[in-house]
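One structure is given here, and the rest of the page talks about it.
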Amino acid sequence: MTRLSPGRLLAGLLAGLFVMVSLGLAPAQAVTTDEIISRGKVIIAIDTTTAPYGMVDTSMEPSGFDIDVAKLVGEALGVPVEFVTVTSPGRIPSLLTNRVDMVISIFSITPERALQVAFSIPYAGQSSVVLAPKSLDITGPEDLVGLKVGVTRGTGEDGLLTKQAEKFPGIEILRFDDYASISQAMLSGQIDAMGGGDYGDMYLQKSVNGEDFELKYILKSFFFGIGVRKDSPELLQWLNTLVYSLKNDGTLNELSIEHRGAPLPELPVF
């Protein structure tokens with residue numbers, strides 16, 4: 001076996017590190033609340049295409065349930081929030097490549113995702129559902145056979161409807177990058193049905209002919225956590241404490257009523 005000199009070995013390691021950084025693959029660094037406060041800002045990934053959780057208001061500023069939660073994180077830390085906009089598939093990469101300190105973006109807590117990132121206790125929840133025109137008789141997955149069903153890539157409903165399509169051949173799954181695109185496809189007739197949140201019909205109904213759509217059946221209930229890197233236990237514990245406080249003092253319920261038009265569902269803890 002050929003032995004490398006210490007100098008050549010060090011050079012190789014540095015070269016490898018350079019490649020990792022240039023590709024955005026640098027090893028994740030632990031982030032603590034003290035480090036965030038010392039830096040003077042907290043960097044949070046959001047998605048502005050998933051109303052009412054994340055959207056852009058008339059002033060072209062981020063708004064919604066998740067945005068307000070992110071702002072409360074900044075207030076509690078005493079620092080401003082820097083938002084980084086991502087799509088659903090970009091949430092985990094934004095953490096693993098150190099672009100952000102945390103993700104607040106309808107990030108459903110699942111065992112699969114928890115292999116890569118750590119989740120706070122839930123701060124919100126919703127049901128993934130199937131939405132379609134009122135004219136279609138759909139009560140379950142068997143009624144989707146022969147139809148085009150749209151989903152947002154990488155979401156909970158993507159996985160659930162993909163499994164249903166495997167069980168009921170003939171369901172055509174079409175994937176979109178964000179909720180705005182899938183909603184437009186639904187309204188324009190490019191797809192026959194869509195997977196989305198239980199708030200989806202409320203926002204479809206704000207569009208032209210939106211009253212023609214309705215919730216057909218529930219796929220599964222999900223709960224959202226704040227995502228952080230797995231090597232940030234101090235930050236995670238602080239977020240758990242903050243969410244616990246915001247839930248108990250009624251703040252999260254007020255946000256749910258304001259943005260979703262419904263009370264906060266009962267949130268589990270772990």
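Residue numbers run from 1 in the order of the sequence given. Side chains included, hydrogens not; waters and symmetry mates left out as well; all remaining heavy atoms used.
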Val84 and Val117: same hydrophobic cluster, using ILVMFWY side-chain contacts below 4.5 Å? yes
Does any non-hydrogen side-chain atom of Ser221 lie less than 4.5 Å from one of Ser127? yes
What's the separation between atom OG in Ser108 and atom NZ in Lys220, rounded to the nearest 0.5 Å? 9.0 Å
Do Ser88 and Arg91 have side-chain heavy atoms sitting under 4.5 Å apart? yes
Would you call Lys134 and Asp212 a side-chain contact if the rule is heavy atoms closer than 4.5 Å? no
Check: residues 135-152 side-chain donor-acceptor pairs under 3.5 Å, at least two apart:
unit_1, atom_1, unit_2, atom_2, d
Thr139, OG1, Asp143, OD2, 3.0
Asp143, OD2, Thr139, N, 2.8
Asp143, OD2, Gly140, N, 3.4

Going by the ring pair (Phe, Tyr, Trp, His ring centres under 6.0 Å) test, which pairs reach into residues 117-168, not counting sequence neighbours? Phe107-Phe119
Can you pull the ring pair (Phe, Tyr, Trp, His ring centres under 6.0 Å) pairs that have at least one residue in residues 32-51, sequence neighbours excluded? none
Residue pairs fulfilling salt bridge (charged side-chain N to carboxylate O under 4.0 Å, His left out) with at least one residue in residues 103-113, sequence neighbours excluded: none
Donor-acceptor pair, side chain of Glu254 and main chain of Thr251, under 3.5 angstrom: no
Going by salt bridge (Lys or Arg N to Asp or Glu O under 4.0 Å), name the residues that satisfy it together with Asp47, two or more places apart in sequence or in a different chain. none
What I'd like to find out is whether the side chain of Val31 reaches to under 4.5 Å of the side chain of Ile36, using heavy atoms alone. yes
If hydrophobic clusters are built by linking Ile, Leu, Val, Met, Phe, Trp and Tyr wherever their side-chain heavy atoms come under 4.5 Å apart, do Leu246 and Ile257 end up in the same one? no
Enter the distance from Met194:CE to Leu174:CG here, rounded to the nearest 0.5 Å. 12.5 Å
Does any non-hydrogen side-chain atom of Asp68 lie less than 4.5 Å from one of His259? yes
Does the side chain of Thr50 reach to within under 4.5 Å of the side chain of Phe65, using non-hydrogen atoms? no
Sequence neighbours left out, what passes salt bridge (Lys or Arg N to Asp or Glu O under 4.0 Å) with Arg99? Give chain and number order. none
Among residues two or more places apart or on two chains, list those pairs meeting ring pair (Phe, Tyr, Trp, His ring centres under 6.0 Å) that have a residue in residues 219-243. Tyr53-Phe224
Apart from Met60 itself, which Ile, Leu, Val, Met, Phe, Trp or Tyr residues share its cluster (side-chain heavy atoms under 4.5 Å, direct or through members)? Val56
Donor-acceptor list for residues 72-83 side chains, cut-off 3.5 Å, not counting sequence neighbours:
unit_1, atom_1, unit_2, atom_2, d
Glu82, OE1, Lys41, NZ, 2.5

Is the shortest side-chain heavy-atom distance between Thr162 and Leu160 below 4.5 Å? no
For a 4.5 angstrom cut-off between non-hydrogen side-chain atoms, does Gln184 reach Ser181? no
Evaluate the criterion salt bridge (charged side-chain N to carboxylate O under 4.0 Å, His left out) for residue pair Asp101 and Arg39; output intermediate values, then yes/no. CA-CA 12 Å; Asp101 300 319; Arg39 185 176 58 199; 2.3 Å; yes
Salt bridge (Lys or Arg N to Asp or Glu O under 4.0 Å) against Lys216, all qualifying residues, sequence neighbours excluded: Glu214
Pairwise salt bridge (charged side-chain N to carboxylate O under 4.0 Å, His left out) hits with a residue in residues 168-191, at least two apart: Arg153-Asp177, Asp158-Arg175
Thr33: which residues meet the side-chain hydrogen bond (donor to acceptor under 3.5 Å, both in side chains) condition with it, sequence neighbours left out? Glu234
